[in-house]
2 protein chains.
Amino acid sequence: MATATRSNNRLDVLLDSSAELFSAGGYQGTTMRDIATKCGMLPGSIYYHYPNKEALLVGVYEEGVRQLSERVQREIAKATDPWERLELMLAAHVEMIVEPTAYASVIIRVLPDDVPPVRDDLVRQRDKYEVYLRDLVGALPLPEDLDPSLLRLFLIGAVNHIPVWHQPGGESPKQIARQLMRVLRRSFSCQAEEN
Amino acid sequence: MATATRSNNRLDVLLDSSAELFSAGGYQGTTMRDIATKCGMLPGSIYYHYPNKEALLVGVYEEGVRQLSERVQREIAKATDPWERLELMLAAHVEMIVEPTAYASVIIRVLPDDVPPVRDDLVRQRDKYEVYLRDLVGALPLPEDLDPSLLRLFLIGAVNHIPVWHQPGGESPKQIARQLMRVLRRSFSCQAEEN
DNA sequence: TAGATAAACAAACGTATGTTTTTCTATTAG
DNA sequence: CTAATAGAAAAACATACGTTTGTTTATCTA
């Protein structure tokens with residue numbers, strides 16, 4: 001028989017609060033007491049849901065990857081042109097990580113090496129999502145002297161750095177993605193004209 | 001009269017050790033005891049040199065900016081072409097931040113918002129260095145639909161993300177800078193041909 | 001409606017943290 | 001040679017941390 005779950009279960013509130021705090025303050029900068037306060041529990045109560053702080057982080061990470069993947073899959077289905085598909089992905093990605101309450105921000109803010117005991121779990125989760133970017137960049141008809149995997153890493157760096165400087169009133173995620181793609185696109189179309 | 005300083009002063013050892021640990025473990029992930037152990041002092045002895053942990057971080061930050069600025073100034077003097085100058089800066093920057101013992105890594109790893117009490121000091125320091133990049137990107141003859149300040153932020157993100165994925169055996173900083181510039185350069189030369 | 005159990009409370013435990021205070025010692029200026 | 005003191009040792013302090021333990025409350029199911 002499957003384990004029963006109560007209707008007024010507050011696991012979701014716990015996860016939401018954790019995500020928000022981990023995203024804003026990082027892993028070490030967030031205490032179990034912070035989380036408990038935020039979701040209206042006592043510190044000890046968290047341990048009914050997760051055996052320890054690290055496991056809680058992994059839980060948030062998993063949900064973050066789930067949300068990101070789902071959204072990206074939905075977006076890139078809207079186009080067939082590889083350039084357009086990449087732009088759609090980047091726009092969606094940026095949109096999710098500048099949203100401060102989002103689980104996605106945690107994946108950007110907390111690096112696997114920040115929490116050695118669960119490093120491998122976090123890397124596995126992160127990689128599960130980055131496959132999308134790998135495929136989209138791989139599908140681009142790039143000039144031969146441009147290493148696709150390096151380009152992918154440049155892109156990850158550029159977009160994941162956005163939360164550091166972006167402020168609510170600034171450019172929209174769509175505008176940002178378009179600017180980013182302009183650099184690449186032009187680079188390509190030039191090459192095409194030469195051949 | 002200037003304050004006397006003893007010949008066997010170990011302030012430099014303290015700073016070096018702090019830089020290495022902050023770079024590897026971040027601010028919150030590094031304890032005063034870690035630092036003391038690394039430089040062969042007792043925890044309390046650190047407080048003779050700095051009033052608290054935050055001030056110590058600022059000290060490391062300052063030295064990091066000093067080293068980066070000095071090195072970059074020396075490098076970009078080697079060329080006059082704006083593209084070449086930017087490439088020289090990026091190569092030097094990458095070289096310094098992938099070196100794990102470097103002060104520069106701390107500036108990448110520890111974000112101002114990680115340490116609210118000295119946030120403004122850290123931002124001021126960081127900006128002092130980023131002026132170089134601002135000027136170099138500003139000197140590029142870019143097409144009009146390409147926002148230079150956005151481009152600058154993309155570049156910062158891309159290069160500062162490198163320590164996350166780069167491993168000792170991988171591409172050299174020079175190769176990385178060249179790849180990164182290839183994307184931009186081609187973008188430009190294409191535009192030039194069109195006009 | 002009785003028994004089981006999901007979900008949280010209440011309160012403490014042991015430890016690690018940044019920091020302070022006091023004491024010692026080796027260098028250096030006079 | 002000696003007094004002053006830069007610089008570090010030694011040891012503790014107060015607090016904040018992740019976690020554990022024992023207990024209670026509310027919900028579901030047979």
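Chain letters run A, B, ... following the sequence lines, proteins first and then strands; every chain starts at 1.
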Separation of [X] atom [atom1] from [N] atom [atom2], in whole Å?
{"X": "Ile46(A)", "N": "dC9(C)", "atom1": "CD1", "atom2": "P", "result": "10 Å"}
{"X": "Tyr48(B)", "N": "dT21(C)", "atom1": "OH", "atom2": "P", "result": "17 Å"}
{"X": "Ile35(A)", "N": "dC17(D)", "atom1": "CD1", "atom2": "P", "result": "11 Å"}
{"X": "Arg10(A)", "N": "dA6(C)", "atom1": "CZ", "atom2": "C1'", "result": "13 Å"}
{"X": "Met41(A)", "N": "dC9(C)", "atom1": "CE", "atom2": "P", "result": "7 Å"}

Cationic tip of Lys53(A) within the cone over Tyr27(A)'s six-membered ring, i.e. under 6.0 Å and within 45° of the normal?
-> yes
Greater than 12 external heavy atoms within 6.0 Å of Arg178(B)'s CZ | no
Would you tell me if any nitrogen or oxygen in the side chain of Asn9(B) comes within less than 4.0 Å of OP1 or OP2 on dG7(D)?
->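 Answer is yes, contact under 4.0 Å.
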Can you tell me if the side-chain N/O atoms of His49(B) get under 4.0 Å from OP1 or OP2 in dA8(D)?
->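 For His49(B), the contact criterion (side-chain N or O under 4.0 Å from OP1 or OP2 of dA8(D)) is met.
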Short question: side chain of Arg109(B), backbone of Ala24(B) - any donor-acceptor pair under 3.5 Å?
-> yes
Run the side-chain contact (heavy atoms from CB on, under 4.5 Å) check on Leu88(B) and His93(B) step by step: do they pass?
-> CA-CA 9 Å; Leu88(B) 284 168; His93(B) 181 93; over 6 Å; no
DNA chain C contacts among residues 109-122 of chain B, heavy-atom distance under 4.0 Å | none
Going by distance alone, is a donor N or O of one side chain under 3.5 Å from an acceptor N or O of the other, for Thr37(A) and Asp34(A)?
-> no
Side-chain H-bond candidate by donor/acceptor type, Gln175(B) with Gln179(B), under 3.5 Å | no
Are Arg71(A) and Glu95(A) within salt-bridge range, i.e. N to O under 4.0 Å?
-> yes
When Ile, Leu, Val, Met, Phe, Trp and Tyr are grouped by side-chain heavy atoms lying under 4.5 Å apart, directly or through other members, which residues fall in the same group as Leu111(A)?
-> Val164(B)
In B/S/- notation, 5' to 3', how is nucleotides 10-20 of chain C contacted by protein heavy atoms closer than 4.0 Å?
-> B-B----BBBB
